[in-house]
Amino acid sequence: SSGINAEWPLRRGISHITNLQQSATKHYAPKVPTTASEIRRSFIDFFKDKYDHTEVHSSSVVPHDDPTLLFTNAGMNQFKPVFIGTVDPNSDMAKWKRVVNSQKCI
């Protein structure tokens, strides 16, 4: 005999098994993000927690300090000084190694 009692669920009741499944899901399954805000937060937290990124807040959709841009059309615009080599070496931006954000853009 394999030691498996095929009648156990029937004696115990299917509702008992369903309750166990619901309890396990409630306590052990990760919550799936459902709103845009939860998805953004999940994305940012993933990179902060797993890869030690620094969270950088979204910059303005209308760039106030860059006359070459009418509006933010890409998530990398705020890092332009780093890419073109004009970042102030004493600024926080110059110290960033890894960053994560969710940039508002048009």
**Student:** Quick one: pull up OG in Ser60 and CG in Leu69 and give me the separation to the nearest 0.5 Å.
**Tutor:** 11.0 Å

**Student:** Could you state whether Phe46 and Ile39 fall into the same hydrophobic cluster, counting links through intermediate Ile, Leu, Val, Met, Phe, Trp or Tyr residues with side-chain heavy atoms under 4.5 angstrom apart?
**Tutor:** no

**Student:** Taking only residues two or more places apart in sequence or in another chain, which ones pass side-chain contact (heavy atoms from CB on, under 4.5 Å) with Arg40?
**Tutor:** Ala36, Ser37, Ser102

**Student:** When you look at Val99 and Phe79, which way does the side chain to side chain contact (heavy atoms under 4.5 Å, CB included) test go after all the steps?
**Tutor:** CA-CA 10 Å; Val99 296; Phe79 305 110; 3.7 Å; yes

**Student:** Of the non-hydrogen atoms in Cys105 and Ala74, which two are nearest, and what is the gap between them?
**Tutor:** CB-N, 4.0 Å

**Student:** Give a yes or no on whether a salt bridge exists between Lys80 and Asp66, defined as a side-chain N under 4.0 angstrom from a carboxylate O.
**Tutor:** yes

**Student:** Is it the case that one hydrophobic cluster holds both Phe43 and Tyr51, taking links as side-chain heavy atoms less than 4.5 Å apart, direct or via other members?
**Tutor:** yes

**Student:** Supply the atom-to-atom distance Asn77 CG to Thr68 OG1, rounded to the nearest 0.5 angstrom.
**Tutor:** 8.0 Å

**Student:** Tell me whether Val62 shares a hydrophobic cluster with Leu70, the cluster being built from Ile, Leu, Val, Met, Phe, Trp, Tyr side chains joined at under 4.5 Å.
**Tutor:** no

**Student:** Decide if atom NZ of Lys50 counts as having more than 12 heavy atoms of other residues, nucleotides or ligands within a radius under 6.0 Å.
**Tutor:** no

**Student:** Going by atom types only, do Gln78 and Asn101 share a side-chain donor-acceptor pair under 3.5 Å?
**Tutor:** yes

**Student:** Run the salt-bridge test on Arg41 and Glu55 with the 4.0 Å N-O cut-off and return the result as yes or no.
**Tutor:** yes

**Student:** Any donor-acceptor pair under 3.5 Å linking the side-chain atoms of Ser42 with those of Glu38?
**Tutor:** no

**Student:** Would a hydrophobic clustering, with Ile, Leu, Val, Met, Phe, Trp and Tyr connected at side-chain separations under 4.5 Å, put Val100 with Met93?
**Tutor:** no

**Student:** Is Met76 reachable from Ile84 through a run of I, L, V, M, F, W or Y residues, each pair having side-chain heavy atoms under 4.5 Å apart?
**Tutor:** no

**Student:** Do you know the tightest heavy-atom contact between Ser58 and Gln103?
**Tutor:** OG-NE2, 3.3 Å

**Student:** Considering only residues two or more places apart or on different chains, which pairs with a residue in residues 53-74 satisfy ring-ring contact (aromatic ring centres under 6.0 Å, His included)?
**Tutor:** Phe47-His53

**Student:** Would the distance check show the side chain of Thr72 and the main-chain N or O of Val61 forming a donor-acceptor pair, the cut-off being under 3.5 Å?
**Tutor:** yes

**Student:** Once side-chain hydrogen bond (donor to acceptor under 3.5 Å, both in side chains) is applied, do any residues pair with Lys104, and if so which ones, sequence neighbours excluded?
**Tutor:** none

**Student:** Working to the nearest 0.5 angstrom, can you tell me the gap between Asn73 CG and Ile106 CD1?
**Tutor:** 9.0 Å

**Student:** Do you know which two heavy atoms are closest between Ala94 and Asp88, and how far apart they sit?
**Tutor:** CB-O, 3.3 Å

